[in-house]
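Contents: one structure, followed by commentary.
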Amino acid sequence: SANRSARTVDEGLLTVGGNLLLKVDSLGSKVWSKSYYRDQSTIEFADVIALNDTSFITVGTVSHVVTNVPTGLIQKVNAVGEIVWSKTLQLGTVPSKIASVEKTFDQNLIVVGFTFENNSLRSRMVVAKMTSDGELLWSKLYTGSNTENCAYSIKQKADSSFVITGELENCNPCTTYAFLLQVSDSGQPIWAKKYLNTKTAYGRGLDISIEPEHIVFLVEEGILQVDGLGTIKRVTSSRALTFQASGQKNGYRRRLRKTK
């Protein structure tokens, strides 16, 4: 199944899903497709962005077929899908998955995803900044709940800070929240808020759009419009939903993994 697409310079689309890249033209006709493999491993692409030089950055996960241990994957391919370079996100022995990638204003890359505690279902969200060649500049881990802490999307604001969304799960009892986390351009937390659909006791942040006066983020079953500090201004949904926001400045614990 397809996960994400990126617009190409010729007005076509490059779509990623599974271990496949599919290029179509502006009319939806197939131009080329490629499948990617690694020895003793499976690949699952999650996101793709287009660069100014007609190449693409794809991110996702590579998992060993025997141990099933995942590692974040980031690779650059040219206009016809040939690999320029391919690298993994190394966080010591901690398994990781990359869910999304964006270009930064300083022509670098920023990725988000999550890591797994060894022998545990507990996860922590990860944010990593890399050079345009995939070299790690810094990575940081954040937790906002006692079980799942997963980041799915990141966007940069005009002030060079970043806004992240995803899901948090607190147990026991288990409740899942969508969240917004703003961090500085060096990864320092600025503010964080979590959002709960009071009708279903569930929330999950999927994607973000940064607008001049507000932030719009997509959650399961709705779209929330919030101000620069995360306060809800409007809820758009096909159902009668009510979302409750809670949180505070610097409300997330941060753990620094690597700094250069």
Is a side-chain N or O of Thr165 found less than 3.5 angstrom from the main chain of Phe179, in a donor-acceptor match? yes
Would you say Val9 and Val16 are hydrophobically clustered, going by side-chain heavy atoms of ILVMFWY under 4.5 Å? no
Is there a continuous path of hydrophobic side-chain contacts, each under 4.5 Å between heavy atoms, that joins Leu22 to Ile43? no
Using the rule that two of Ile, Leu, Val, Met, Phe, Trp, Tyr join whenever any of their side-chain heavy atoms come within less than 4.5 Å, decide whether Val24 and Val31 are in one cluster. no
Quick one: do Leu13 and Leu51 end up in the same hydrophobic cluster if we chain Ile, Leu, Val, Met, Phe, Trp and Tyr together by side-chain heavy atoms under 4.5 Å apart? no
Lys/Arg cation over aromatic Trp32: Lys30, 6.0 Å, 45° cone: no
Glu82 and Lys34 ion-paired at < 4.0 Å: no
Min side-chain heavy-atom separation Tyr36-Gln75 under 4.5 Å: yes
State yes or no: do Phe217 and Ile232 share one hydrophobic cluster built from I, L, V, M, F, W and Y residues joined by side-chain heavy-atom distances below 4.5 Å, directly or via other members? yes
Using atom types as modelled, flag every donor-acceptor pair under 3.5 Å from a side chain in residues 55-71 to any protein atom, sequence neighbours excluded.
residue : atom : partner : partner atom : Å
Ser55   : OG   : Asp53   : OD1          : 2.4
Ser55   : OG   : Asp53   : OD2          : 3.3
His64   : ND1  : Val66   : N            : 3.0
His64   : ND1  : Thr67   : N            : 3.4
Thr67   : OG1  : Val69   : N            : 3.3

Evaluate the criterion salt bridge (Lys or Arg N to Asp or Glu O under 4.0 Å) for residue pair Glu44 and Lys97; output intermediate values, then yes/no. CA-CA 10 Å; Glu44 180 78 22; Lys97 290 188 175 185; over 6 Å; no
I'd like to check His214 versus Asp227 (side-chain heavy atoms, cut-off strictly below 4.5 Å). Are they in contact? no
Hey, mind stepping through Asp106 and Lys129 against salt bridge (Lys or Arg N to Asp or Glu O under 4.0 Å) and telling me if it holds? CA-CA 11 Å; Asp106 57 4; Lys129 189 173 184 180; 2.7 Å; yes
Can a salt bridge be assigned to the pair Lys76 and Asp133 using a cut-off of 4.0 Å between side-chain N and carboxylate O? no
Pairwise side-chain contact, Val111 with Val127, heavy-atom cut-off 4.5 Å (strictly under): no
So for atom CD, which belongs to Glu213, do other residues, nucleotides or ligands contribute more than 12 heavy atoms lying within a distance under 6.0 Å? no
Could Lys155 and Glu102 be called an ion pair, given the rule that one side-chain N must be under 4.0 Å from one carboxylate O? yes
Just so I know, are the side chains of Asp10 and Lys23 near enough to count as touching, which here means a heavy-atom distance under 4.5 Å? yes
What distance do Phe162 atom CZ and Ile210 atom CD1 have between them, rounded to the nearest 0.5 Å? 11.0 Å
Heavy-atom distance under 4.5 Å between the side chains of Leu181 and Lys194, does that happen here? no
